[in-house]
Asker: 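I have a structure I would like to understand better, so I am pasting it below and will then ask my questions one at a time.
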There are 2 protein chains.
Amino acid sequence: MNIGEVAERTGLPPKTIRYYEDIGLVKPLRDSNGYRAFRESEMHKLAFLGRARTLGFSIEDCRNLLALWEDSNRASADVRAIAKDHLAQIEAKIRDLQEMRDTLSTLVRDCAGDDRPDCPILKSLGTEFGSERRS
Amino acid sequence: MNIGEVAERTGLPPKTIRYYEDIGLVKPLRDSNGYRAFRESEMHKLAFLGRARTLGFSIEDCRNLLALWEDSNRASADVRAIAKDHLAQIEAKIRDLQEMRDTLSTLVRDCAGDDRPDCPILKSLGTEFGSERRS
DNA sequence: CCTTGACCCTCCAGTGACTGGAAGCCCCAT
DNA sequence: ATGGGGCTTCCAGTCACTGGAGGGTCAAGG
């Protein structure tokens, strides 16, 4: 299977697949003409990686998850630990963004948005934020 | 004012302040010894930038907001447009993360997390996701 | 006067995960 | 043989810093 077909079947761009080879996530064989020759198993690995990435796992997490996936003697606790950790990070990020959203949406709501210069958004950015700052 | 004091008063690391000078966001004077000499106004600009960044505005957004802040003839509509745009991006990001969180938390909930290899998380990553995929 | 330590300077490289582009083979159909 | 698409490698750029090397400057204490 050439890279183009793998790209189509996994939904990953060829560039990304080459990059994943560069960093050692997959090791496709080569045809005599130098083209990468992917086996089915490699295709499945790449699809696995694509799905793990859409769940926001880092490449290093993906590497570890892939190793566990391939290890029939794994303990599900190891997988779960990675996922739980990542989940906590996602939740933290969501909270951060929600804070930004709340502040911003208030400011946007209060801004007239006309041709006058008076603007609560700039006013707020130009002075201390009203409440406490997180350390 | 030396960079250290500015750093302390704005909460921005010295490295970041130097970087902001590099990319032309501030233009401090120099003492005869080569040290940056910040005026109050520069300090305020940097504080403004720090606050805009904590709201997640990109550097380019910050550059534009700063220009509007300095322009007493601005139209608040211009500020509002930038903020609204950014708000929409934040909201999109939140939705993405919430989707990840929902999928992940289900998987984590369903995974025993013991020493056996059976694991719904890996099972899910190894096969198509259950429902539709967004284009 | 000398040393010590805290500051400050510049420049270079690395982060994460790609992405774009140039320059150049390879293969197949016309 | 020519044209177009697919494949290859390598280099550079993205974003917003951050770390570190290697060195100058300043104020205080001995």
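All chains are named by letter (A, B, ...) in the order of the sequence lines, taking the proteins before the strands, and each is independently numbered beginning at 1.
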Asker: Between atom CG in Asn2(A) and atom C1' in dC25(C), what is the gap in whole Å?
Answerer: 14 Å
Asker: Ile23(A) near the nucleic acid: base, sugar-phosphate alone, or nothing, with a heavy-atom cut-off under 4.0 Å?
Answerer: nothing
Asker: Indicate whether OP1 or OP2 belonging to dT19(C) is found under 4.0 Å from a side-chain N or O atom of Arg18(A).
Answerer: no
Asker: Mark yes or no for whether Arg74(A), through its side chain, and Leu68(A), through its backbone, hold a donor-acceptor pair below 3.5 Å.
Answerer: yes
Asker: Salt bridge between Asp114(B) and Arg116(B), side-chain N to carboxylate O under 4.0 Å?
Answerer: yes
Asker: Expressed in angstrom and rounded to an integer, what is the separation of Ile3(B) atom CD1 from dT25(D) atom C1'?
Answerer: 15 Å
Asker: Indicate whether OP1 or OP2 belonging to dC17(D) is found under 4.0 Å from a side-chain N or O atom of Tyr20(B).
Answerer: yes
Asker: Just call it for Pro13(B): base, sugar-phosphate, or nothing, with non-hydrogen atoms closer than 4.0 Å on any strand.
Answerer: sugar-phosphate
Asker: Using a cut-off of less than 4.0 Å, is there contact between a side-chain N or O of Thr16(A) and OP1 or OP2 of dA17(C)?
Answerer: no
Asker: Please state how far atom CD1 in Ile17(A) lies from atom C1' in dT19(C), giving the value in whole angstrom units.
Answerer: 14 Å
Asker: Would you kindly give the CG-to-P distance between Asp31(B) and dC26(D), to the nearest whole Å?
Answerer: 9 Å
Asker: Over all heavy atoms of both residues, which pair between Arg53(A) and Ile59(A) is shortest? Give the atoms and the distance, please.
Answerer: CD-CD1, 3.9 Å
Asker: Look at the side-chain N and O atoms of Asn33(B) and state whether any lies under 4.0 Å from the OP1 or OP2 oxygen of dC26(D).
Answerer: yes
Asker: If you check the Tyr35(A) side chain, which of dT19(C), dG6(D), dC26(D) turns out closest?
Answerer: dG6(D)
Asker: If I take atom OH in residue Tyr19(B) and atom C1' in nucleotide dC11(C), what distance separates them, rounded to the nearest angstrom?
Answerer: 16 Å
Asker: Check the distance between dC7(C)'s P and Phe38(B)'s CZ and give it to me in whole angstrom.
Answerer: 16 Å
Asker: Given atom CZ of Arg63(A) and atom P of dG16(C), what is their separation to the nearest angstrom?
Answerer: 11 Å
Asker: Check whether any side-chain N or O of Arg30(A) sits under 4.0 Å from OP1 or OP2 of dT9(D), and answer yes or no.
Answerer: yes
Asker: If you compare every side-chain N and O of Arg36(A) against the phosphate oxygens of dT9(D) (OP1, OP2), does one of them come in below 4.0 Å?
Answerer: yes
Asker: To the nearest Å, give me how far apart CG (Asp61(B)) and P (dC15(D)) are.
Answerer: 12 Å
Asker: With salt bridge (charged side-chain N to carboxylate O under 4.0 Å, His left out) as the test, pick out the partner of Lys45(B) among Glu40(B), Glu70(B), Glu21(B).
Answerer: Glu70(B)
Asker: Does a sphere of radius 6.0 Å around CZ in Arg39(A) hold more than 12 heavy atoms from other residues, nucleotides or ligands, not counting ones at 6.0 Å or beyond?
Answerer: yes
